[in-house]
Amino acid sequence: MNAVRLAVDPLTAAQRLLGATLSCRGVDATIVEVEAYGGVPHGPWPDPAAHSYGGPTARNAVMFGPPGRLYTYRSYGMHVCANVVCGPDGTAAAVLLRAAVVAAGEPVARGRRGQVLPRESLARGPGNLCSALGITMADNGIDLFDPRSPVRLRLGAPLAAQAGPRVGVSRAADRPWRLWAAGTPEVSAYRRSPRAPAPGASD
DNA sequence: GAGGGGATTGCCT
DNA sequence: GGCAATCCCCTCG
């Protein structure tokens, strides 16, 4: 079981997910950009920007469960974003998948995106990644290492990573928990949240 | 039961 | 760079 390799802190898990292959409904994609998220204030990785910061709720319950599961949430009412749960069972942590390179099933991915796009844009951005792979809210909580699952994850040799601040978060905006594979054009553009305090302000 | 916010995206000027 | 689209979920009364 590869899930044990994710039973670690979110930043280490994020590093291990760079270069991993995600397979879903006819498309294989190599993960090239991720963001680490932690949990509750008094847990091992307090993170004010994480959905799990306020404790378990119906929405974020999967984040508190065992590693290797898929945590999906709806963003701004229209996009689905996918996370890989990490950390030991009982802790809250996850890694948001922000961009991937489509390695197989490109016509399927193009059909889902429904428009003419350059190859590197097919799964760039967390919402677009889920769209290209066909991941929906119904996939929340599934085991990514179960051969029967419609969404599968295969860990490989991690890629060389660069780090920077997370995109779009309004709290702990300067924490460098966004990792991407050096030199790939598929990584999403950096946008600071409109609600984030000025750069350099304390968490 | 109502109200507000958000780990986004693409199109507008 | 600005902004609208859109839907849970969470919080509060």
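The analysis underlying the following values was restricted to heavy atoms, covering all of them including side chains, and did not include hydrogens, waters or symmetry mates. Within every chain, numbering begins at 1; the chains are lettered A, B, ... in the order of the sequence lines, protein sequences first and strands thereafter.
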Original post:
Does a salt bridge link A/D146 with A/R69, judged by any charged N lying under 4.0 Å from a carboxylate O?
Top reply: no
Original post:
Taking any strand in view, what nucleotide pairs with C/dG2 in a Watson-Crick or G-U wobble way, both distances under 3.5 Å?
Top reply: B/dC11
Subject >> Value in whole Å for how far the C1' atom of C/dT6 lies from OH of A/Y73 >> reply: 15 Å
Original post:
Closest nucleotide of DNA chain C for A/M78 versus for A/M137: which of these residues is on the 5' side?
Top reply: A/M78
Subject >> Sugar-phosphate only, base, or nothing, as touched by A/N128 at under 4.0 Å among non-hydrogen atoms >> reply: sugar-phosphate
Original post:
Only one of A/R98, A/R166, A/R124 clears salt bridge (Lys or Arg N to Asp or Glu O under 4.0 Å) with A/E33; which?
Top reply: A/R98
Subject >> Base C/dA5 to side chain A/Y76, donor-acceptor N/O within 3.5 Å cut-off >> reply: no
**OP:** Report the distance from atom NE2 of A/H51 to atom C1' of B/dT8, rounded to the nearest whole Å.
**Re:** 12 Å
Original post:
With hydrophobic residues grouped by side-chain heavy-atom distances under 4.5 Å, do A/V102 and A/L117 end up in a single group?
Top reply: yes
Original post:
Which one, B/dT8, B/dA7, C/dC9, comes nearest to the side chain of A/V167?
Top reply: B/dT8
**OP:** Write down the distance between OH (A/Y53) and C1' (C/dC10), rounded to a whole number of angstrom.
**Re:** 17 Å
**OP:** Using the aromatic ring of A/Y37 (for Trp, its six-membered ring), decide whether it stacks on the base of B/dA7 within the limits of 5.5 Å and 30°.
**Re:** yes
Original post:
When the distance from CG of A/L122 to P of B/dG10 is rounded to whole Å, what number comes out?
Top reply: 11 Å
Original post:
Taking atom C1' of C/dC7 as reference, at what distance in whole Å does atom CZ of A/R59 sit?
Top reply: 11 Å
Subject >> Length of the CH2-C1' vector between A/W45 and B/dA7, whole Å >> reply: 19 Å
Subject >> Separation of atom CE in A/M63 from atom P in C/dC9, rounded to whole Å >> reply: 16 Å
Original post:
Side chains of A/S23 and A/D28: is there a donor and an acceptor less than 3.5 Å apart?
Top reply: yes
Subject >> Side-chain donor-acceptor pair present, A/T12, A/D9, cut-off under 3.5 Å >> reply: yes
Subject >> A/R74 side-chain N/O to B/dT8 phosphate OP1/OP2 under 4.0 Å >> reply: no
Original post:
Are any of A/N60's side-chain N or O atoms less than 4.0 Å away from OP1 or OP2 of C/dC9?
Top reply: no
**OP:** Taking the six-membered ring for Trp and the full ring for Phe, Tyr or His, determine whether the centres of A/H51 and A/Y37 are under 6.0 Å apart.
**Re:** no
Original post:
For B/dA7, does OP1 or OP2 lie under 4.0 Å from any side-chain N or O of A/R166?
Top reply: no
**OP:** Just name whichever nucleotide pairs with C/dC10, Watson-Crick or G-U, keeping both distances under 3.5 Å, else none.
**Re:** B/dG3
Original post:
Which value, in whole Å, describes the distance between the C1' atoms of nucleotides B/dG10 and C/dC8?
Top reply: 22 Å
Subject >> Presence of A/R113 side-chain N/O under 4.0 Å of B/dG10 phosphate oxygens OP1/OP2 >> reply: yes
Original post:
What is the distance from CG of A/L117 to C1' of B/dC11, rounded to the nearest Å?
Top reply: 14 Å
Original post:
Taking OP1 and OP2 of B/dA7, is either one under 4.0 Å from a side-chain nitrogen or oxygen of A/S170?
Top reply: yes
